[in-house]
Novice: 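This structure is in structure tokens; I'll ask about it shortly.
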Amino acid sequence: MYLCLCKGITDSDVREAGQAGIVMPGQLKARFGLKDAGCCGRCSKDIQEFVQIATSAHRAPSPNSVRS
Ligand code: FES
């Protein structure tokens, strides 16, 4: 699912950022260049959606950490 059409950012991009510890609105905006030239600003207004996705990815255990 695309979260930002201008830059082609998908939910999996945001999940990856979350797993790397990028979960704060300012960090996410900087990581994806949401305030750079060429941005329409629409997704910047929806930054809380980015935060939710990144935060849930940050908390979710990675499949590699599951041990039996
Ligand atoms: S939709 Fe993300 S900058 Fe336009």
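Remember, it's 1-based here, ligands and their atoms both numbered in the order they're listed.
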Novice: What verdict does the side-chain contact (heavy atoms from CB on, under 4.5 Å) test give for F32 and L3, after you've listed the backbone C-alpha separation in whole Å, the side-chain angles of each residue and the deciding distance to 0.1 Å?
Specialist: CA-CA 11 Å; F32 293 110; L3 295 173; over 6 Å; no

Novice: What's the spacing between D11 CG and S56 OG if we round to 0.5 Å?
Specialist: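 OG of S56 is found 9.5 Å from CG of D11.
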
Novice: Hey, which atoms in ligand 1 end up nearer than 4.0 Å to a heavy atom of C39?
Specialist: 3 (S)

Novice: Within this structure, what is the CG-SG distance for the pair L34 and C40, rounded to the nearest 0.5 Å?
Specialist: 9.5 Å

Novice: From C40, does some N, O or S atom reach closer than 2.8 Å to atom 2 (Fe) of ligand 1?
Specialist: no

Novice: Are M1 and V51 co-members of a hydrophobic cluster defined by side-chain heavy atoms under 4.5 Å apart?
Specialist: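 Cluster IDs for V51 and M1 match.
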
Novice: Below 4.0 angstrom from a heavy atom of C6, which ligand 1 atoms are there? Numbered from 1 as shown, please.
Specialist: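 Matching atoms, with element in brackets: 1 (S), 3 (S), 4 (Fe).
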
Novice: Identify, by atom number and element, the atoms of ligand 1 in contact range of L5, meaning under 4.0 Å from any of its heavy atoms.
Specialist: 1 (S)

Novice: Show me which atoms of ligand 1 lie under 4.0 Å from any heavy atom of C4.
Specialist: 1 (S), 2 (Fe), 3 (S)

Novice: Are the side chain of Q52 and the backbone of Q48 linked by a donor-acceptor contact shorter than 3.5 Å?
Specialist: no

